[in-house]
Amino acid sequence: MTRTRFAPSPTGYLHIGGLRTSLFSWLWAKKNQGEFLLRIEDTDLARNSEEAVEAILKAFDWVGMSYDGEAIFQSKRFDLYKKYIDQLLEEGKAYKCYMTKEELDQLREEQKAKGERTRYDGRYRDFTGTPPEGVEPVVRIKAPQEGKISFVDGVKGEFSVDASEVDDFIIARSDGTPTYNFVVAIDDALMGLTDVIRGDDHLYNTPKQIVIYEALGFSVPNFYHVAMINNEQGRKLSKRDGATDVMEYKALGYLPEALLNFLVRLGWSHGDQEIFSVEEMIELFDPKDINKSSSNYNLDKLLWLNAHYIKNKPHDELAELLVDFGVDIRDSDKKDLILNATKERGKTLVELASQINLILNAPSEYNAKNAKRAFKGDAVEILGEFVEMLKGANASTKEEYHAVIESIVDKREIGFGKIGQPLRVSLLGSMTGSGLDEIMAILGTEETIRRVEKAIEFINA
RNA sequence: GACCCUUUCAUCUAGUGGCCAAGGAUAUUGCGUUUUCAUCGCAAAAACAAAGGUUCAAAUCCUUUAGGGGUCGCCA
């Protein structure tokens, strides 16, 4: 069975890049009817927080991704890791190193000065003498000293490093706690993962983890290293480049399906297809189609996708979502009229809400520029006549209101704009927006007349 | 500094030696539809990082250079 995972360290919110790799993992598990597991990497007791775990779960929940089984917390598995450390020590596959931090720093300085890659020199690897006094040792793994460590990466292809590149790295600190690369390998193996999809900043950790797999006799999973997401300039994505917290997108009025569609196409593609429902993603996703190169973050396409999903969303669901943005039309019998009139004008829920409010709330004042342009000439007369005609028309549908406008256009032999502009500013206070007939159908004759009369009053004043 | 990964229009990408004088999408510009704005439709402009090879033939293979990214912790 295919098993994948997401393994965040709970130090903050869920990052947009983290969501993409977990989306890939989730899709791959779903496609193969496998499992997607969650593991919280909270071994750094000082830095992680419970709020961060909750923030991550909340973001998962928002986009509709869920994990199988119970989340695993590494902080609760220290006894297990200890067991493996002892085992490796006993088997002679790991050893205690009494080098102090100061000595290590000094070694690195020297290596750097010589232009070498810094690495531990193995001085305690075969140490049999009496340990120095007062030094709590760390435990180091005996990494192979010759040959190459290789694996086939599902994205990058064959990857291999010289054994000399991997030093005898620390698996347990002097306080006895295990280190990252050690616990990752153990957990990935024990959780039965078949496919590890993660950021390519972990590429260099992989050989280290393979050393652990082999020392412990675990079988090595498939690795897929996905290139990073950069900002539009191709630089590392930072907070200054816009929203990096997944939940910010909710607040900005994006739909989760748009965000997922956007992210799945960042570094992955399926021919020329742009629009993917979650079901299609699951059906079509394959890590072999993941791009090797990093991609740059540009929100234009997300905005387009969001508009697409808003246009196609059922009205009941849109109404429900709009509540968070200050518009509650859930129980309105005009719900369909309102959304049909506005949903093509809002690329985000924020914009959609403001479009709706523009119609629902009578203008409190008229923008001086708009008023000057729209209320000039014989606009007052036309508006006055329009009110009279409305009173006798008994209109209620979009078509009936349209007919009223049309009849005044015919009667006075004027262009549509002659009545349209003043009417629009009267109703909305704005020169742009939804169709006038649609607006009036929403407002009803009474409210329409009230707004127009107010405008006439304003012009005459 | 050392080592590694990567490089197709502004952006996301298709492309695995001939189907490519490079296709799609977004963004941009123009035209059309629309009382307006938006939607929608049509069209335009726009790229193989550079230089050398290999080959009858290269975006695709090799080398070098350059740009970008990553790693080099008793962080994860």
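Convention: sequence-line order gives letters A, B, ...; per-chain numbering from 1.
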Using the salt bridge (Lys or Arg N to Asp or Glu O under 4.0 Å) rule, take A:K347 and A:E351 through it: C-alpha gap first, then chi angles, then the decisive distance, then the call. CA-CA 6 Å; A:K347 288 186 192 299; A:E351 288 177 11; over 6 Å; no
Derivation of the side chain to side chain donor-acceptor pair (under 3.5 Å) call for A:H402 and A:T397: CA-CA 9 Å; A:H402 189 80; A:T397 67; over 6 Å; no
Show your reasoning for whether side chain to side chain donor-acceptor pair (under 3.5 Å) applies to A:D42 and A:S75. CA-CA 6 Å; A:D42 55 351; A:S75 59; 2.7 Å; yes
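Shown here, B:U54 forms no base pair; nothing in the strands shown gives a Watson-Crick or G-U wobble contact with both key distances under 3.5 Å. Within the shown strands, B:A2 is the pairing partner of B:U71 under the Watson-Crick or G-U definition, both distances less than 3.5 Å. Under the Watson-Crick or G-U wobble criterion, with both distances below 3.5 Å, B:C9 has no partner in any strand shown. Nucleotide B:U34 is matched to nothing when pairs are restricted to Watson-Crick or G-U wobble geometry with both distances under 3.5 angstrom.
As judged by a 4.0 angstrom heavy-atom cut-off over every strand, A:S295 is placed among residues touching the sugar-phosphate backbone only. Contacts of A:L266 with the nucleic acid, taken as non-hydrogen atoms under 4.0 Å apart, involve only primed sugar atoms and P, OP1 or OP2. As judged by a 4.0 angstrom heavy-atom cut-off over every strand, A:K156 is placed among residues touching the sugar-phosphate backbone only. Heavy atoms of A:G417 sit under 4.0 angstrom from primed sugar atoms or phosphate atoms, though from no base atom. A:K114 comes within contact range of no nucleotide atom at all, as no heavy-atom separation falls under 4.0 Å. Residue A:D162 is out of contact with every strand shown, counting any heavy-atom pair closer than 4.0 Å. At a threshold of 4.0 angstrom between heavy atoms, the contacts of A:G415 with the nucleic acid are absent. Counting any heavy atom pair closer than 4.0 Å across all strands shown, A:F159 reaches sugar-phosphate atoms only and no base atom.
Counting only distance, with no hydrogens or angles, the side chain of A:Y95 and the backbone of A:I141 share no donor-acceptor pair below 3.5 Å. In this structure, the side chain of A:E158 does not engage the main chain of A:D153 through any donor-acceptor pair within 3.5 Å. Counting only distance, with no hydrogens or angles, the side chain of A:E365 and the backbone of A:N367 share no donor-acceptor pair below 3.5 Å.
Classification of the A:W28-A:Y224 ring pair by plane angle, with boundaries at 30° and 60°, yields perpendicular. Between A:F151 and A:F223, the ring planes lie perpendicular to each other; the angle is over 60°, past the 30° to 60° tilted range.
Candidate nucleotides B:U39, B:U6, B:A76 were compared by shortest atom distance to the side chain of A:E41, and B:A76 ranks first. The A:R117 side chain lies nearest to B:C3 when the options are B:U7, B:C3, B:A76. The listed nucleotides are B:U7, B:C37, B:U71; the one nearest the side chain of A:R345 is B:C37. Which of B:C37, B:C74, B:G69 sits closest to the side chain of A:S174 comes down to B:C74.
Spacing of C1' atoms, B:A58 relative to B:G15, comes out at 13 Å, to the nearest Å. When the C1' atom is used for both B:A47 and B:A27, the distance is 15 Å, rounded to whole Å. Across B:C20 and B:U28, the matching P atoms stand 30 Å from one another, rounded to whole Å. Using atom P as the reference point in both B:U54 and B:U60, the two lie 15 Å apart (nearest Å). The P atoms of B:G69 and B:C48 are separated by 22 Å, rounded to the nearest whole Å. The separation of B:A45 from B:A2, taken at their P atoms, amounts to 46 Å, rounded to a whole angstrom. For the C1' atoms, the distance linking B:U16 with B:A22 amounts to 15 Å, nearest Å. The separation of B:A38 from B:U33, taken at their P atoms, amounts to 15 Å, rounded to a whole angstrom.
Look at A:N291 and you'll find a side-chain N or O under 4.0 angstrom from OP1 or OP2 of B:A14. OP1 or OP2 of B:A76 sits under 4.0 Å from a side-chain N or O of A:T43. When the side-chain nitrogen and oxygen atoms of A:T118 are compared with OP1 and OP2 of B:G73, one or more of them lie within a distance under 4.0 Å. Taking side-chain N and O atoms only, A:R108 has a distance below 4.0 Å to OP1 or OP2 of B:G73. Residue A:K343 has no polar side-chain atom (N or O) positioned under 4.0 Å from OP1 or OP2 of B:A38. Residue A:R39 has no polar side-chain atom (N or O) positioned under 4.0 Å from OP1 or OP2 of B:A76.
Per the geometry, CZ belonging to A:F151 stands 11 Å off C1' belonging to B:C5, to the nearest Å. Atom P of nucleotide B:U35 and atom CD1 of A:I439 are separated by 13 Å, given to the nearest angstrom. Between the CG atom of A:L436 and the C1' atom of B:A38 there is a distance of 14 Å, given to the nearest Å. The CD1-P distance, from A:I408 to B:U35, rounds to 16 Å in whole Å. Distance A:K398 NZ to B:U35 C1': 14 Å, rounded to the nearest Å. Note: CG (A:N230) to P (B:G70) measures 7 Å, nearest angstrom. What separates CD1 of A:I359 from P of B:A38 is a distance of 16 Å, to the nearest Å. Between A:N296 atom CG and B:A47 atom P there is a gap of 18 Å when expressed in whole angstrom units.
In summary, the aromatic rings of A:F182 and A:Y81 are positioned with their centroids too far apart to meet the 6.0 Å limit.
The structure places CG of A:L349 at 5.0 Å from CG of A:L255, a figure rounded to the nearest 0.5 Å.
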How does protein contact run along nucleotides 15-32 of chain B, one letter per nucleotide 5' to 3', with B for base contact, S for sugar-phosphate only, - for none, heavy atoms under 4.0 Å? --------BBBSS-----
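When each of A:I405 and A:E232 is assigned the nucleotide of RNA chain B bearing its nearest heavy atom, the one mapping closer to the 5' terminus is A:E232.
We find that A:D168 and A:K142 are not joined by a salt bridge, their nearest charged nitrogen and carboxylate oxygen being 4.0 Å or further apart.
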